[in-house]
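First comes the structure, then the notes that go with it.
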Amino acid sequence: MKSVLLIGAGQFGIYIARKFNSLGNEIMAVDSDEDKINHILPFVTSAQIGDASTSDFLETLGIPDFDICIVTIGDNFQDSLETTSLLKELGASKVISRASNDVHAKFLLKNGADAIVYPEKQVAEWAAMRFSSEHILDYMDLGDNCALYELDVPREWIGKTLAGLDVRRRYNINILAVKHNGVLNIAVSPDVMFQSDETILVLGTSKDIRKCFKI
């Protein structure tokens with residue numbers, strides 16, 4: 001269980017709070033807007049109304065006691081930058097800040113952020129990849145040109161085995177799992193035979209995967 005300080009209770013902050021809460025973590029939410037605090041209350045352990053860009057207010061929260069501090073302020077970059085910097089000065093062990101663009105990210109990293117999230121950019125990239133082909137069901141960029149795809153089983157693979165297709169040698173990709181009727185099977189053996197109503201999880205470079213599956 002982690003102790004999380006969430007600064008910014010907008011829509012993105014609410015999504016983060018809900019997920020951290022579902023994973024059994026303790027969350028304190030902070031925002032200067034009382035209405036936003038009221039909306040996020042069902043998903044957090046505690047909440048405070050205040051200006052997180054001021055040192056006096058942040059000091060009252062006991063910053064070193066939190067495992068993670070997340071700054072989700074999206075509508076005022078100056079406040080985001082000041083809050084990020086103050087959190088680190090006050091002893092935050094890990095600060096994750098929201099960025100809208102690469103310039104913001106560079107400033108945030110130079111002023112205390114340990115990691116950056118780009119919600120709009122990341123969702124846009126996922127959506128573009130996901131809907132670029134009717135055969136792509138999900139996609140995750142893993143960095144270093146590697147990605148994880150969920151794809152329909154190609155028509156020409158139906159009735160054939162993984163060993164017979166030899167995709168690892170031919171295309172330098174790995175079939176990690178097969179999903180059938182919503183059930184994921186990660187014990188993929190060389191003699192598994194593919195069926196028409198299945199999807200597969202594939203790991204490799206996007207270039208190799210797109211070449212193999214012609215997407």
Taking every heavy atom of Leu203 against every heavy atom of Ile209, the minimum-distance pair comes out as C-CD1, 4.0 Å

message: Please check if the number of heavy atoms outside Asp51 that lie under 6.0 Å from its CG is greater than 12.
response: yes

For Phe77, the ring pair (Phe, Tyr, Trp, His ring centres under 6.0 Å) test, sequence neighbours excluded, returns His104

Contact between Ser80 and Leu108 at the side-chain level, heavy atoms closer than 4.5 Å - yes or no? yes

**Q.** Within-4.5 Å side-chain heavy-atom neighbours: Val153 and Thr199
**A.** no

Can you check whether Asp102 reaches Tyr118 side chain to side chain, under 4.5 Å on heavy atoms? yes

*Is it true that Lys179 and Glu198 make a salt bridge, defined as a side-chain N closer than 4.0 Å to a carboxylate O?*
no

Heavy-atom closest pair (Ala29 atom, Val44 atom, distance to 0.1 Å) is CB-CG1, 3.9 Å

*Salt bridge check: are Arg130 and Glu125 linked by an N-O gap of less than 4.0 Å?*
no

For atom CD of Glu34, is the number of surrounding heavy atoms from other residues, nucleotides or ligands below 6.0 Å larger than 12?
no

Answer yes or no: are there more than 12 heavy-atom neighbours, outside Lys88 itself, under 6.0 Å from its atom NZ?
yes

Let's go through Ile63 and Cys69 carefully: what are the C-alpha distance in whole Å and the side-chain angles of both, what is the deciding distance for side chain to side chain contact (heavy atoms under 4.5 Å, CB included) to 0.1 Å, and is it a yes or a no?
CA-CA 8 Å; Ile63 300 304; Cys69 296; 4.2 Å; yes

When every non-hydrogen atom of Val30 is compared with those of Gly50, the smallest separation belongs to CG1-O, 4.1 Å

Nearest heavy-atom approach of Asp141 to Tyr139 is CB-OH, 3.6 Å

Open item on the list: Just by distance, no angles: are the side chains of Ser97 and Thr84 close enough, under 3.5 Å, to form a donor-acceptor pair?
Closed with: yes

Heavy-atom check, side chain of Trp126 versus side chain of Asp138, under 4.5 Å
yes

Any donor-acceptor pair under 3.5 Å linking the side-chain atoms of Asp208 with those of Thr205?
yes

Exactly one of Trp157, Tyr149, Tyr171 clears ring pair (Phe, Tyr, Trp, His ring centres under 6.0 Å) with Phe213, and that residue is Trp157

Residues, nucleotides or ligands: over 12 heavy atoms within 6.0 Å of Glu134 CD: no

Scanning both residues in full, the closest heavy-atom pair of Ile158 with Gln195 reads CG1-C, 4.2 Å

Side-chain donor-acceptor pairs under 3.5 Å in residues 8-27, sequence neighbours left out?
unit_1 : atom_1 : unit_2 : atom_2 : d
Ser22  : OG     : Lys19  : O      : 2.7
Asn25  : OD1    : Lys2   : N      : 2.7
Asn25  : ND2    : Phe20  : O      : 3.0

Hey, does Ile49 have a side-chain heavy atom less than 4.5 Å from the side chain of Asp31?
no

Exercise for review: May I ask you to test the Ile40-Leu6 pair for a side-chain heavy-atom distance under 4.5 Å?
Suggested key: yes

Nearest heavy-atom contact between Val178 and Phe194 is CG2-CE2, 4.0 Å

Report, one line per pair, each donor and acceptor closer than 3.5 Å where one atom sits in a side chain of residues 180-191; sequence neighbours left out.
unit_1 : atom_1 : unit_2 : atom_2 : d
His180 : ND1    : Asp197 : OD1    : 3.4
Asn185 : OD1    : Ala187 : N      : 3.0
Ser189 : OG     : Asp191 : OD1    : 2.4

Using side-chain heavy atoms (C-beta onward) and a distance below 4.5 Å, is Asn174 in contact with Val202? no

* Asked: Side chains of Leu137 and Asp152: closer than 4.5 Å at any heavy-atom pair?
  -> yes

**Report entry** Check against side chain to side chain donor-acceptor pair (under 3.5 Å), Asp56 and Thr54
**Finding:** CA-CA 6 Å; Asp56 289 344; Thr54 63; over 6 Å; no

